[in-house]
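Atom set for the values below is all heavy atoms of this structure, side chains included, hydrogens, waters and symmetry mates excluded. These numbers were taken from a predicted model, which means no experiment stands behind them.
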Amino acid sequence: MSKMKKIIVCIASILLTMNSYSQSTNILEQNGNVGIGINPQHKLHIQGTHYNSQFLLHSLGGGTSERMADLFLWASEPGLTYSGTGIGNNVINVSTTPYLRRINNTRGGSYIRLLDGEIKMNIIKTDGHDINTISINNSGNVGIGTTTTGTHKLAVNGTIGAREIKVEATGWSDFVFEDDYELKDLVKVEAFIKENNHLPDVPSEKEVLENGIQLGEMDAKLLQKIEELTLYLIK
């Protein structure tokens, strides 16, 4: 077969393939816009179904499996949500459980899910364990280590380490030193302690276990007791 015939056969095969997938439109416009599955409205415009609205950027890295990288984008979540989108580092979105999994099992991965009024951030460890590290819900509440924030703007399931924490207090306890402050009689304080097993104006252990404490309010209460103790000592 001559070279020209081979070219004609090749072009014909391409046209037949494009015709067989007539529902798909792959376009390169004169303005430089590229469309895959759609007439492009953007420089790169990709359209697919619920199961294949996906895009992968793969880097060979240092040439070994451990040093390769995969950036995966999805515009729908088969098996999870229809409206959710996501960005995955070595994480792919598929239609069977587990719906979010590592592309390369020699490496860990991470991903961000942009949902209907909610953002979730996860890490998949090298052993495959999927951990939710932080979420933001439609009230603007942030959860770290938990997706249950309640009414809190920041909910943390775990400990917090900080060099300093500033609490904007709404009041303080120096009213104890006002002339009209009625210092409780020590005999009455003793009777209250014997009956209730805690100081007056201070929450009980049961109340703390059920409701927790307000840090600023509790510091003010403790200062109140220190100032009262100081007045008792002076007397």
Side-chain angles (χ1 to χ4, degrees), residues 17-61 65-158 160:
T17 301
M18 292 178 65
N19 184 59
S20 65
Y21 293 96
S22 58
Q23 292 182 346
S24 299
T25 305
N26 301 322
I27 296 175
L28 173 59
E29 294 187 338
Q30 291 183 350
N31 61 8
N33 289 359
V34 177
I36 301 175
I38 191 173
N39 292 322
Q41 304 299 315
H42 311 280
K43 286 302 179 185
L44 176 60
H45 195 168
I46 302 173
Q47 177 173 286
T49 68
H50 176 50
Y51 291 96
N52 63 9
S53 300
Q54 301 165 327
F55 183 74
L56 173 65
L57 289 174
H58 175 67
S59 170
L60 295 175
S65 178
E66 294 81 3
R67 299 182 65 183
M68 294 181 184
D70 292 282
L71 174 63
F72 197 80
L73 311 178
W74 61 88
S76 190
E77 296 190 315
L80 290 171
T81 69
Y82 283 89
S83 58
T85 66
I87 305 170
N89 170 27
N90 191 39
V91 173
I92 188 172
N93 171 247
V94 297
S95 58
T96 57
T97 186
Y99 300 109
L100 294 162
R101 64 183 70 168
R102 290 172 295 163
I103 297 173
N104 184 339
N105 287 328
T106 64
R107 296 185 289 110
S110 59
Y111 60 93
I112 301 174
R113 293 175 65 207
L114 309 174
L115 307 175
D116 184 11
E118 184 178 15
I119 299 174
K120 289 188 177 182
M121 305 177 189
N122 284 54
I123 290 175
I124 301 182
K125 298 171 66 175
T126 53
D127 62 3
H129 188 48
D130 194 334
I131 302 172
N132 177 256
T133 58
I134 183 170
S135 64
I136 304 173
N137 65 24
N138 56 14
S139 297
N141 296 348
V142 178
I144 300 177
T146 179
T147 57
T148 305
T149 62
T151 59
H152 306 295
K153 282 300 177 186
L154 175 63
V156 180
N157 182 15
I160 299 175

Quick check for you: to the nearest 0.5 Å, what is the distance between N157 atom CG and T148 atom OG1?
9.0 Å
Closest heavy-atom pair, I27 versus E29, reported as atoms and distance to 0.1 Å, is CG2-CG, 3.6 Å
Heavy-atom closest contact (F72 atom, N93 atom, distance)
CE2-N, 3.7 Å
Please report the C-alpha distance between Q41 and N33 in whole Å, then the side-chain angles of each, then the deciding distance to 0.1 Å, and finally whether the side chain to side chain contact (heavy atoms under 4.5 Å, CB included) criterion is met.
CA-CA 7 Å; Q41 304 299 315; N33 289 359; over 6 Å; no
Closest heavy-atom pair and its distance - T49, N52
N-OD1, 2.6 Å
Around D116, counting heavy atoms of other residues, nucleotides and ligands shown, do more than 12 lie under 6.0 Å from its CG?
no
Does any part of the side chain of L100, heavy atoms only, come nearer than 4.5 Å to the side chain of N122, both counted from C-beta?
no
Qualifying residues under side-chain hydrogen bond (donor to acceptor under 3.5 Å, both in side chains), relative to E77, sequence neighbours excluded
W74, T81, R113
With a 4.5 Å limit on heavy-atom distance, are the side chains of Y111 and D130 in contact?
yes
Mind listing the side-chain donor-acceptor pairs of residues 103-110 below 3.5 Å, one per line with the distance, residues two or more places apart or on another chain?
unit_1	atom_1	unit_2	atom_2	d
N104	OD1	S65	OG	3.2
N104	OD1	T106	N	2.9
N104	OD1	T106	OG1	2.6
N104	ND2	S65	O	2.9
N104	ND2	S65	OG	2.7
N104	ND2	T106	OG1	3.4
T106	OG1	S65	OG	3.1
R107	NE	M68	O	2.9
R107	NH1	M68	O	3.4
R107	NH2	M68	O	3.1
R107	NH2	D70	OD2	3.3
R107	NH2	N90	OD1	3.3

Reported NE2-to-CD1 distance for the pair H129 and I123, which is rounded to 0.5 angstrom
11.0 Å
Let me confirm one number: the CD1-OG distance from I112 to S135, rounded to the nearest 0.5 Å.
12.5 Å
What's the shortest heavy-atom distance between H152 and N141, and which atoms?
O-CG, 3.0 Å
From CZ (R67) to OG (S59), nearest 0.5 Å:
10.0 Å
Only pairs at least two apart or in different chains count here, so list each ring-ring contact (aromatic ring centres under 6.0 Å, His included) that has a residue in residues 29-58.
H42-H45, H50-Y82
So, taking the atom named CG in N26 and the one named CD1 in I38, what distance separates them when rounded to the nearest 0.5 Å?
11.5 Å
To the nearest 0.5 Å, what is the distance between CD1 (I136) and OG1 (T147)?
13.5 Å
Pair L71-I87, side chain to side chain contact (heavy atoms under 4.5 Å, CB included): steps then yes or no
CA-CA 7 Å; L71 174 63; I87 305 170; 3.8 Å; yes
